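One-based numbering along the sequence shown. Computed from a predicted structure; not experimentally measured.
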Amino acid sequence: MSDSPLKVHHLRPAPGAKKAKTRVGRGEASKGKTAGRGTKGTKARYQVPAAFEGGQMPLHMRLPKLKGFKNPFRTEYQVVNLDMLAKHYPQGGTLGVDDLVAKGLVRDNHLVKILGDGEISVALQVSAHRFSGSAKDKITAAGGTATQL
């Protein structure tokens, strides 16, 4: 060998180290007929997906798709804001759930909650199932009362 340094393009694999890739499915001489897949059966015919369960409904399709949780014990309220009370009762006075139903503000046989959206300037004596904190504060500040049923 000459005194020149070894270069990458001089490197060659050792004799016998490289083996030709077997070309399957190219006639019946070598690995031609079944091409290394054995005889018959599902896996001999095509590639089977990892999630395939033999025709049974796959797990990813059996599971429910909707996310979240719906609480069956949730309490639903009909809500009325203070601006609606001020609009329908401009003189003030006493009102309960039955009066709100009569005015068409809520449906009958439902729980009612008074919310504090809007302003009120007259004294109202309100009876309802629930009050928000701001609604109770605004009613008492106007000289009224908030009675929880």
Side-chain angles (χ1 to χ4, degrees), residues 1-89 95-121 124 126-142 144-149:
M1 195 162 143
S2 66
D3 293 330
S4 64
L6 186 66
K7 296 188 177 167
V8 177
H9 65 272
H10 292 148
L11 296 176
R12 292 280 176 268
K18 295 287 273 181
K19 189 175 178 188
K21 181 181 160 191
T22 306
R23 297 178 71 233
V24 298
R26 298 294 187 276
E28 293 191 15
S30 172
K31 298 247 183 176
K33 188 168 70 72
T34 54
R37 286 170 168 255
T39 27
K40 298 185 181 175
T42 307
K43 291 177 183 166
R45 300 174 197 284
Y46 55 87
Q47 217 37 42
V48 184
F52 186 67
E53 298 184 27
Q56 171 176 297
M57 186 61 67
L59 181 67
H60 72 277
M61 293 177 74
R62 291 196 303 260
L63 295 176
K65 305 301 185 292
L66 298 175
K67 304 285 186 279
F69 167 74
K70 189 163 177 69
N71 186 1
F73 306 108
R74 177 187 154 98
T75 307
E76 293 267 358
Y77 290 97
Q78 301 274 311
V79 295
V80 181
N81 280 302
L82 287 182
D83 56 355
M84 293 303 287
L85 293 182
K87 180 178 159 187
H88 287 276
Y89 298 94
L95 62 120
V97 176
D98 297 332
D99 302 315
L100 296 174
V101 171
K103 289 269 188 182
L105 294 176
V106 292
R107 289 189 215 101
D108 201 7
N109 300 322
H110 285 77
L111 300 175
V112 176
K113 183 171 183 176
I114 308 297
L115 301 181
D117 197 14
E119 294 301 320
I120 192 161
S121 56
L124 283 173
V126 187
S127 299
H129 298 102
R130 282 270 189 261
F131 292 87
S132 70
S134 61
K136 199 175 272 193
D137 294 342
K138 288 179 183 180
I139 290 170
T140 52
T145 58
T147 310
Q148 192 166 325
L149 298 175

J.: Would L100 and L85 count as a side chain to side chain contact (heavy atoms under 4.5 Å, CB included) if you check the C-alpha gap in whole Å, the side-chain angles of each, and the deciding distance to 0.1 Å?
T.: CA-CA 9 Å; L100 296 174; L85 293 182; 3.6 Å; yes
J.: Does K19 NZ have over 12 foreign heavy atoms under 6.0 Å away?
T.: no
J.: Please check this pair: side chain of H10 against backbone of V8, looking for a donor-acceptor N/O pair closer than 3.5 Å.
T.: no
J.: Rounded to the nearest 0.5 Å, how far apart are OG1 of T147 and NE2 of H129?
T.: 12.5 Å
J.: Is the closest side-chain heavy-atom distance between Q148 and R130 below 4.5 Å?
T.: yes
J.: Measuring from M84:CE to D117:CG, what's the distance to the nearest 0.5 Å?
T.: 11.0 Å
J.: List for me each residue that meets salt bridge (Lys or Arg N to Asp or Glu O under 4.0 Å) alongside R12, sequence neighbours excluded, and say none if there are none.
T.: none
J.: Mind listing the closest non-hydrogen atom pair of A142 and S121 along with its distance?
T.: CB-C, 4.3 Å
J.: What residue among L111, L115, V106 forms side-chain contact (heavy atoms from CB on, under 4.5 Å) with V79?
T.: L115
J.: For E76, give me all partners under side chain to side chain donor-acceptor pair (under 3.5 Å), at least two apart in sequence or on another chain.
T.: R74
J.: Rounded to the nearest 0.5 Å, what's the gap from CD1 on I120 to CD1 on I114? Could you check?
T.: 9.5 Å
J.: Give me the atom names and distance for the closest heavy-atom approach of S132 to G116.
T.: OG-N, 3.3 Å
J.: Working to the nearest 0.5 angstrom, can you tell me the gap between H88 NE2 and L95 CG?
T.: 11.5 Å
J.: Sort and list the pairs that fulfil side-chain hydrogen bond (donor to acceptor under 3.5 Å, both in side chains) and have at least one residue in residues 55-64, not counting sequence neighbours.
T.: E53-Q56, E53-R62
J.: When rounded to the nearest 0.5 angstrom, what is the spacing between OH in Y89 and CG in D99?
T.: 4.5 Å
